[in-house]
Number of protein chains: 2
Amino acid sequence: MTLQNRVTIKDIAKATQLSVATVSRILHKKGQHSSVTVKRVTETANKMGYVRNTSAADLVNQKSRIVAVIVSNTKSNFSEHIIDAIESKAASDDLNVFILHAGNRDEQSQLKAIKTVIERAVMGIILVSLELDDNVLTTLNSTSIPSICLSTSVKDTAIPFVTSDNYQMGYAATQLMIDKGHTKIAIAGIPTAGSINQRIAGYLQCMSDHHLRVEPDWIQYGTCTYDDGEKTWQVYAKKREITCAICASDLTAIGMLNAITEMGLKVPDDISLVSFDGTDIVDMVRPRITSISQSFYEMGLAGIKFLTDGRTIQKQYLPFKIVERESTRRLEK
Amino acid sequence: MTLQNRVTIKDIAKATQLSVATVSRILHKKGQHSSVTVKRVTETANKMGYVRNTSAADLVNQKSRIVAVIVSNTKSNFSEHIIDAIESKAASDDLNVFILHAGNRDEQSQLKAIKTVIERAVMGIILVSLELDDNVLTTLNSTSIPSICLSTSVKDTAIPFVTSDNYQMGYAATQLMIDKGHTKIAIAGIPTAGSINQRIAGYLQCMSDHHLRVEPDWIQYGTCTYDDGEKTWQVYAKKREITCAICASDLTAIGMLNAITEMGLKVPDDISLVSFDGTDIVDMVRPRITSISQSFYEMGLAGIKFLTDGRTIQKQYLPFKIVERESTRRLEK
DNA sequence: GTTCCTTCTGTAAACGTTTACAATACCTTT
DNA sequence: AAAGGTATTGTAAACGTTTACAGAAGGAAC
């Protein structure tokens, strides 16, 4: 059987001696029909192996029951929690979820993904962990398809977002370590641009609020990867000033942990480590990593609810939790 | 602007005083047209913010340029390598990749995902790490859309697959440890059903080939999770017979590693650990986990190539590599 | 017997695109 | 001047579905 001769409602109409209208109505439970006809139609549909041609249906309906989730393809491990939430709510609303990948700062691949889904008249677009430039934002605004950003904020007022407050998280991580007696605190692996960069602003503000000096070397940029952690430690190791590093992601913290251990030093005895995210992996390494844990599941839920239950939120910051584990210690003077 | 009045080629035709046919041809670079007309059309298309209605196009073309990847939603971390490969080849062939999730042994969610994509006339379906029951197989066979299974084998001869030879991997893992002097070798976390279960057959055969006894307790089933590793160690710890455990996945090995450490024992001094998969994470924990590493990227590549470059493969077993790291030691008698 | 419901089914247009075929205009060749 | 070719554009049908509207058949009320 080729695609060309898939069974259509026309075939079923012919087989049952009915009109296509009747068949269509019965197959979608619209209008009223005698029970014998209903039975006859559904049975022949099954027997003939009918599958709906969604392209045709979408064409006349001008919409589809698909939610598109476009996810950054950079190796971050938190998006699965967001997706989990989206899929579970979508399933109960009988929606389908299509996941696409795009480069975090790659305009071309973002545009391609967005074009692909708006061409198909999806009912909504959820953008996860993507920093969008102006070009992408105008494309998004030029369509009437609702979209929302998760885990990034966006200046454009037309696009709502749900994320954690990166500034506050940066501040909280710093405050936590200051409370534990640290004064020489570094921050590692944060990207130079995008809303996530606000973590550095929070860090700087907190340090300044406590009249603590910040050496330029202490701020090391990156892309939240494992490698960033390993490499940044090589920089920190040169002077051996710092007693604590705040890491851009769980993976960055683990990379640094391993680099530190490699050098014969110990976490948290010699260096304390805090990470952002707080995914499962922080409990898999030893010592377990103290983290600023984000509410990823709630983030996904907020995103899909925005698309299904009406469009109220415009900007929303979700709470984060400070979870102390084994990678941080109190510094005795 | 609502979806209802999106710009169509009809609108462009009106604006440019041309026929829809000409507009359509120019927008898809078919046929020849005067350069001025081409310019006029493309410019107005841009100006008016035209986006193609793929539903309409798919409807007449009877196909789409979409590859559907249906992935098991169980927490396994190797699928990203498979998807990476699929996406990179798809990008160079100008195809779009839609990823859907389905339960590993959940017939309903599998059927739903498959129905969703065949209704949209995708050009191919790649099933990753999914054990398919008969119902799903018949649905797959009833359509003319080509499909292929990755990381699982399937009895049905109509559906091709690419995977690692689980029997041989089970045998190889066991042989490795026997070569290192171990005789009391356990195997943990393997599912009771599905092709992956063949790892146990390989293990048993290897033990038997070396005239080694296997206690029933040594074989502990599971679902390749981190928790399986933790829990299974509680079982093994009761008798403290074994000197080595072969773990169903990297995560299972790490779970066991942590449980072992928790008890004050050491890997590999007290217990050696081997895992299947060999994803990035085996190098992130200490000690690094010795693994039977599968060729996931090549698996993804083989899957997408099957769909694009012609359909030659029917069944293919990809090579695996034994990578010794720090979680295994030679046992001196 | 007329009118009015109700219940069921059919007719036909519409969705936006693609493409085979026809048509036109203009240019070359004879 | 006729014939043939080429370059460009238009006409119209087709894809499979949905749905407003019309129609038919039967029953109930007067």
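Chain letters run A, B, ... following the sequence lines, proteins first, then strands; residues in each count from 1. We use all heavy atoms of the structure for the numbers below, so side chains are in, but hydrogens, waters and symmetry mates are not.
A:R40 places a side-chain N or O within donor-acceptor distance of the main-chain N or O of A:T16, the cut-off being under 3.5 Å. In terms of modelled atom types and a separation under 3.5 Å, the side chain of A:D11 and the main chain of A:T8 share a donor-acceptor contact.
Straight-line distance from the CD1 atom of A:I12 to the C1' atom of D:dT17: 12 Å, rounded to whole Å. Rounded to whole Å, atom C1' of D:dT17 lies 14 Å from atom CG of B:D58. When the C1' atom of C:dG16 is taken as reference, atom NZ of B:K14 falls 13 Å away, rounded to whole Å. Nucleotide C:dA14 holds its P atom 21 Å from the CZ atom of B:R6, rounded to whole Å. If you take CG of A:N53 and C1' of D:dA14, they are 13 Å apart, rounded to a whole angstrom. Here the P atom of nucleotide D:dG16 and the CG atom of B:N61 are 12 Å apart, to the nearest Å. C:dT17 atom P lies 9 Å from atom NZ of B:K10, rounded to whole Å. Rounded to whole Å, atom P of C:dA13 lies 17 Å from atom CG of A:L59.
Remark: of the listed residues A:N53, A:N96, A:T54, A:T54 is the sole one forming a side chain to side chain donor-acceptor pair (under 3.5 Å) with B:E119.
Counting non-hydrogen atoms under 4.0 angstrom, A:S24 reaches a base of the nucleic acid.
Under the 4.5 Å side-chain criterion, counting only non-hydrogen atoms from C-beta, A:I159 is in contact with A:C149. Contact of the B:D94 side chain with the A:K112 side chain is registered, since non-hydrogen atoms from C-beta on lie closer than 4.5 Å.
Taking 4.0 angstrom as the limit, A:K30 places a side-chain polar atom (N or O) nearer than this to OP1 or OP2 of D:dT19. Phosphate proximity of C:dG16 to A:Q62: present, with a side-chain N or O under 4.0 Å from OP1 or OP2.
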### Task
At under 4.0 Å between heavy atoms, which parts of nucleotides 4-11 of chain D does protein reach? Answer with one letter per nucleotide, 5' to 3': B base, S sugar-phosphate only, - none.
---SBBBB
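Residues satisfying the ring-ring contact (aromatic ring centres under 6.0 Å, His included) criterion with A:Y297, sequence neighbours excluded, are absent altogether. With sequence neighbours excluded, the residues that form a side chain to side chain donor-acceptor pair (under 3.5 Å) with B:S34 are B:T37.
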